[in-house]
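What follows is a single structure, written as structure tokens, with notes after it.
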Amino acid sequence: MRVLVTGGAGFIGSHVAEALRAAGHTAVTLDALLPQAHGDDPRAEVDLVCDVRDGGAVERALDGVDAVCHQAAMVGLGADFGDAPDYVGCNDLGTATLLAAMARRGVRRIVLAGSMVVYGEGAYTCAGHGPVRPGPRREADLAAGRFEPPCPHCGAPLAPGLVGEDAPADPRNVYAATKLAQEHLCAAWARAVGGRAVSLRYHNVYGPGMPRDTPYAGVASFFRSALARGESPRVFEDGRQRRDFVHVRDVAGANVAVLEALAEQPEGVLSAFNTGSGTPHTVGEMARVLAGAHGGPDPVVTGEYRLGDVRHITASSERLREVFGWRPGVGFEEGMTEFARADLRSGIGVSAL
């Protein structure tokens, strides 16, 4: 199988390309190699250097391709709302341009790098009202250290759980809105051309090759970069927010598993699959394990917060396991121990997957 991997020089994209080749497939990598994302990283090597928004170049890159693995994106929460045009341009215009080129060239299979951020907050249960969906947290509550979202009906404490793919979308920042828009575009393309589309809704991906020192990277990269500087990781809120940290090699494996079985998926629809380890951990726990494996310094819980962050988001990946037979293979302690000493890639602004 010949697969075009957009964002193929990026953190996840490079691992996907490597996994495809190890499985005996041909991976054609495309990346704009923006200096904001890659700096002077010598690993940033690709087959085709072009922006995914360049329709002509993308169409030429699709020559002989059986499927597309779309990893190119601007990621992370961002610095402020001024980033909105860049997010929409990179993520949504880029996806639309790619899909239009695929329609012209007759390429009918795509795996999209989706994200769990489309859910907003995760799943919660109130003792009195059952399953509920809390609204965005108020800044006054966050400033006062009240980080847990209350029941929207009675104000009682809530128990967090695992969110499934059928939960309604509720994007709560610009990045999340663009990731949901990418899914809608892929769904519209699939209906229009009879294509097959899958969105892998990644959880918190970490591992070797993450970008460092950029406001657009994930929390694991923030902590790892601080440790490399000899500084304590700064844990926001009270450190008890729950996430699912999944190793990048497992995410790459999920992409390969889906691509190999994509021809068997239904035509004309987009199917979404949560992609995580299946084992929630708190951000504070992750910081402690990572710092311990690195040899310190110990993390500091600051009570700081970011508007647009959600409190708990962990999801079941059972559907991905059942449909495609995928299983994560890197345990939390093992993965964090490796990550504590792994090389990071230079990145000074916009980060590509």
Within a reach of under 6.0 Å around CZ of Arg242, are more than 12 heavy atoms found that belong to other residues, nucleotides or ligands? yes

Are the side chain of Arg191 and the backbone N or O of Gly268 linked by a donor-acceptor pair below 3.5 Å? no

So for atom CZ, which belongs to Arg138, do other residues, nucleotides or ligands contribute more than 12 heavy atoms lying within a distance under 6.0 Å? no

Hphob cluster co-occupancy, Val198 + Met1, side-chain heavy atoms under 4.5 angstrom: yes

Smallest heavy-atom separation, Ala73 atom then Lys179 atom, equals CB-NZ, 4.2 Å

Is Arg105 paired with Asp63 through a side-chain N to carboxylate O contact shorter than 4.0 Å? yes

Looking only at heavy atoms, what is the nearest atom pair of Val330 and Gly335, with distance? CG1-CA, 3.6 Å

Mind checking whether Arg108 and Arg196 have side chains closer than 4.5 Å, heavy atoms only? no

Under 4.0 Å between a side-chain nitrogen and a carboxylate oxygen: does that hold for Asp343 and Arg224? no

Derivation and outcome, side chain to side chain contact (heavy atoms under 4.5 Å, CB included), residues Phe339 and Leu344: CA-CA 9 Å; Phe339 183 51; Leu344 301 181; 3.7 Å; yes

Going by side-chain heavy atoms closer than 4.5 Å, which hydrophobic residues are tied to Val58, directly or by a chain of links? Leu4, Val28, Leu30, Leu48, Val52, Leu62, Val65, Val68, Leu98, Leu99, Met102, Val107, Ile110, Leu185, Trp189, Val193

Can you hop from Tyr206 to Leu227 via hydrophobic side chains spaced under 4.5 Å? yes

Quick one: do Val118 and Val88 end up in the same hydrophobic cluster if we chain Ile, Leu, Val, Met, Phe, Trp and Tyr together by side-chain heavy atoms under 4.5 Å apart? no

Using a 3.5 Å distance criterion without hydrogens, assess whether the side chain of Ser14 forms a donor-acceptor pair with backbone atoms of Phe11. yes

Quick one: does any side-chain atom of Glu165 pair with a main-chain N or O of Asn274 as donor and acceptor, under 3.5 Å? yes

Drop me the distance from His15's NE2 to Asp250's CG, to the nearest 0.5 angstrom. 11.5 Å

Got a donor-acceptor contact below 3.5 angstrom from the Ser221 side chain to the Pro211 backbone? yes

Shortest non-hydrogen pair, Leu112 vs Cys186, comes out as CD2-SG, 4.1 Å

Are the side chains of Cys69 and Leu259 in contact, using a 4.5 Å heavy-atom criterion? yes

Does the Ser317 side chain pair with the main chain of Leu320, one donor and one acceptor, at a distance under 3.5 Å? no

Can you check whether Gly209's main-chain N or O pairs, donor with acceptor, with Arg345's side chain at less than 3.5 Å? yes

Any ion pair linking Arg21 and Asp47 (charged N to carboxylate O, less than 4.0 Å)? yes

Same cluster for Val205 and Phe223 if Ile/Leu/Val/Met/Phe/Trp/Tyr side chains link at under 4.5 Å? yes

Let me confirm one number: the CE-CZ distance from Met336 to Arg288, rounded to the nearest 0.5 Å. 12.5 Å

Does Arg249 come within less than 4.0 Å of Glu338, counting only side-chain N to carboxylate O? yes

Is a salt bridge present between Glu304 and Arg234, judged by a nitrogen-to-oxygen distance below 4.0 Å? yes

Would you check if there is a donor-acceptor pair between the side chains of Asn255 and Gln71 at a distance under 3.5 Å? yes

Quick check: does any side chain N or O of Thr302 sit under 3.5 Å from a backbone N or O of Val235, one acting as donor and the other as acceptor? yes

Checking Tyr202 side chain against Val246 main chain: does a donor-acceptor pair fall under 3.5 Å? no

Does the Ser232 side chain pair with the main chain of Asp298, one donor and one acceptor, at a distance under 3.5 Å? yes

Ignoring hydrogens, what is the shortest heavy-atom contact between Arg137 and Val310? Give both atom names and the distance. NH2-C, 3.7 Å

NE2-OH distance between His312 and Tyr124, expressed to the nearest 0.5 angstrom: 4.5 Å

When every non-hydrogen atom of Ala19 is compared with those of Ala252, the smallest separation belongs to CB-CB, 4.0 Å

Any chain of hydrophobic side-chain contacts (each under 4.5 Å) joining Val256 to Val258? yes

Set of ring pair (Phe, Tyr, Trp, His ring centres under 6.0 Å) partners for Phe324, sequence neighbours left out: Phe273

Inspect the contact between Arg311 and Glu237 and indicate whether a charged nitrogen and a carboxylate oxygen are less than 4.0 angstrom apart. yes

Check whether the ring centres of His203 and Phe245 lie less than 6.0 Å apart, and answer yes or no. no

Closest heavy-atom pair, Ala291 versus Pro299, reported as atoms and distance to 0.1 Å, is CB-CD, 3.8 Å

Report yes or no: does Asp244 contribute a side-chain atom to a donor-acceptor pair with the main-chain N or O of Ser277 at less than 3.5 Å? yes

